[in-house]
> 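My questions all concern the structure below.
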Amino acid sequence: MNDTDASILCDQVADVLLGAKESWTRRMFELASQLRADGGGPVYDLSLGNPSLEPPSIWRETVRDLLAAPEPGQHRYMTNAGLPEVRAFIADRESARYDLEFSRDDVTMTVGAAGGLNVVFRATLNPGDEVLVPVPYFPEYEHYVGHVAAKLVPVETRADFTLDVDAISAALTPHSRLLLLNSPNNPTGAIYGDASLAALAQVLSNRASTATRPLIVVEDAPYRDLTYDGSAVPSMLRHYRDTVFLTSHSKDLGLAGERIGYALVSPRCRGRELLARALSFCNRVLGFVNAPALMQRALPAVLSSERGRVDVSTYAKNTTRMAEGLRALGFAFPPPRAGFFLFPRLPSSLAALDDQGGDIALTERLRKHRTIVVPGTAFGVPSHLRLSLCVPPEAVDGALAAFRLACAGQ
Ligand code: PLP
């Protein structure tokens, strides 16, 4: 595309597509596809968080049953928040998990977590509002916040990428409207501990008593059911009243292409009913209309089953093996505990590969060995790489061999 063609676009999208801002992750994913198409051997693509595990068999069985014996009208439009019986099921399940009393009206079924984020942002953000987010963060946030002309405000984290409550406190301004938390985190895998969430809630509650508009915490948690030891991930729902929680089944059921997730408004949230109505309205007017009907209908049977989950041990084995191999090469990172990402810091010899922190130069070296990763620069943290390890185990071996060569200067 050239600049003349760009006149067909709005400035904001043209800026993204023609400028340096286009998603590194997508660019690297497409590079991997290109390498594959060109032939010449396997490609180890660690770029996109596209789950390699197939959905559990119970999901296939349930969808097959739904299609074999359809209820009349099961594929029609519905209320924009989603099917009442599915929302009631989710409300009960989440009430038990968080010890809160969600009603079905607190639940809006969404087109994945991404759809949920856009719906919540549309419903709550005015132009110029500030959205605080601990770094590093999922780069798509920038675009979602940009859709409503709000401003993303990155906030420092600790060396192990856990929350720095003092830094968040210092970043609050009269324009702060929303705090976006993603735990377990993409790209770092960090899990925010309960004590730091409690301390954070205290800071936010103190501020809330003086602010005219509430500061809303949005928890984006599509990886919460992928902890390696099965432990529960702490949530702000327990600590802070004005919380909206989002999740999806893209990762824990391997259904990223089917687009199913939901938003939960805390029963303690100010304007609870109005906010839930607004999420349903925004689902409609953003053009999602409602989350896919068949996926909604399948959820109660799938999630009630012991088989209703992908086997996270595959991801745990991949990250652990990669972590061991990278540590031996001098990379540093906290031990992986959930999800399928690693965010290793380059050893100083490699960080000096270029003036920008070495990650782009190392990414390029790895590409020559048919291994595709995303440079930390894409996440605003140079001298790191983001590796997505939801891949077949042999890709881990291939990528490690490439790392050994690249680290040796080849
Ligand atoms: N939030 C985070 C942190 C993610 O990593 C992703 C996907 O990679 C999403 C949201 C979007 O997920 P979904 O497929 O549920 O829309």
Side-chain angles (χ1 to χ4, degrees), residues 23-29 45-53 55 59 82 90 108-122 131-145 147 152 154 157 161 163 178-192 217-227 233 235-236 244-264 279 282-283 286-288 290-292 295-296 299 303 310 315 319 336 338-343 374 378-381 386-391:
S23 163
W24 265 100
T25 310
R26 281 276 158 190
R27 207 185 305 165
M28 298 314 284
F29 176 68
D45 179 10
L46 312 185
S47 62
L48 196 66
N50 200 2
S52 58
L53 293 176
W59 177 80
I90 300 283
T108 305
M109 304 306 293
T110 61
V111 176
L117 286 161
N118 280 287
V119 162
V120 172
F121 292 168
R122 182 71 187 89
V131 176
L132 276 62
V133 61
V135 287
Y137 53 85
F138 181 47
E140 299 295 81
Y141 290 160
E142 196 99 39
H143 301 296
Y144 302 164
V145 166
H147 291 328
L152 202 62
T157 45
F161 300 117
L163 286 183
L178 209 142
L179 171 63
L180 185 50
L181 298 179
N182 166 223
S183 166
N185 183 266
N186 172 12
T188 65
I191 296 178
Y192 302 152
V217 170
V218 174
E219 279 194 299
D220 175 27
Y223 303 96
R224 74 167 168 173
D225 283 330
L226 292 179
T227 54
V233 171
S235 167
M236 277 297 260
V244 180
F245 179 92
L246 301 169
T247 190
S248 81
H249 296 294
S250 291
K251 320 288 173 170
D252 61 3
L253 292 179
L255 292 175
E258 302 295 351
R259 315 303 304 131
I260 185 70
Y262 52 90
L264 287 173
L279 300 190
C282 292
N283 225 11
L286 285 175
F288 299 121
N290 55 250
M295 294 307 113
Q296 289 193 49
L299 281 187
L303 296 177
V310 294
Y315 297 146
T319 49
F340 38 65
F341 297 115
L342 277 184
F343 198 67
V374 183
F379 298 87
V381 190
R386 204 279 306 261
L387 314 182
S388 175
L389 293 156
C390 48
V391 291

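Counting starts at 1 for both ligands and their atoms, following the listed order.
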> Assess the side chains of Asp45 and Ser47: does a donor N or O sit below 3.5 Å from an acceptor N or O?
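Short answer, yes.
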
> Look at the aromatic rings of Tyr144 and Phe138 and report parallel, tilted or perpendicular, splitting at 30° and 60°.
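Tyr144 and Phe138: perpendicular rings.
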
> Can you list everything that forms a side chain to side chain contact (heavy atoms under 4.5 Å, CB included) with Asp252? Sequence neighbours excluded, please.
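For Asp252, the residues satisfying side chain to side chain contact (heavy atoms under 4.5 Å, CB included) (neighbours in sequence not counted) are Asp225, Leu226, His249.
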
> Which residues satisfy the side-chain hydrogen bond (donor to acceptor under 3.5 Å, both in side chains) test with Arg224, sequence neighbours excluded?
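Here the qualifying residues are Glu94, Tyr98, Tyr262.
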
> Identify, with sequence neighbours excluded, every residue that meets side-chain hydrogen bond (donor to acceptor under 3.5 Å, both in side chains) alongside Tyr137.
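Tyr137 satisfies side-chain hydrogen bond (donor to acceptor under 3.5 Å, both in side chains) with Glu142 once adjacent residues are dropped.
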
> Please list, by chain and number, the protein residues whose heavy atoms come under 4.0 Å of ligand 1.
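Residue list for ligand 1: Gly112, Ala113, Ala114, Phe138, Tyr141, Asn182, Asn186, Asp220, Pro222, Tyr223, Ser248, Ser250, Lys251, Arg259.
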
> Between Asp220 and Tyr141, do the side chains contain an N or O donor and an N or O acceptor separated by less than 3.5 Å?
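Note: Asp220 and Tyr141 side chains meet the donor-acceptor criterion.
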
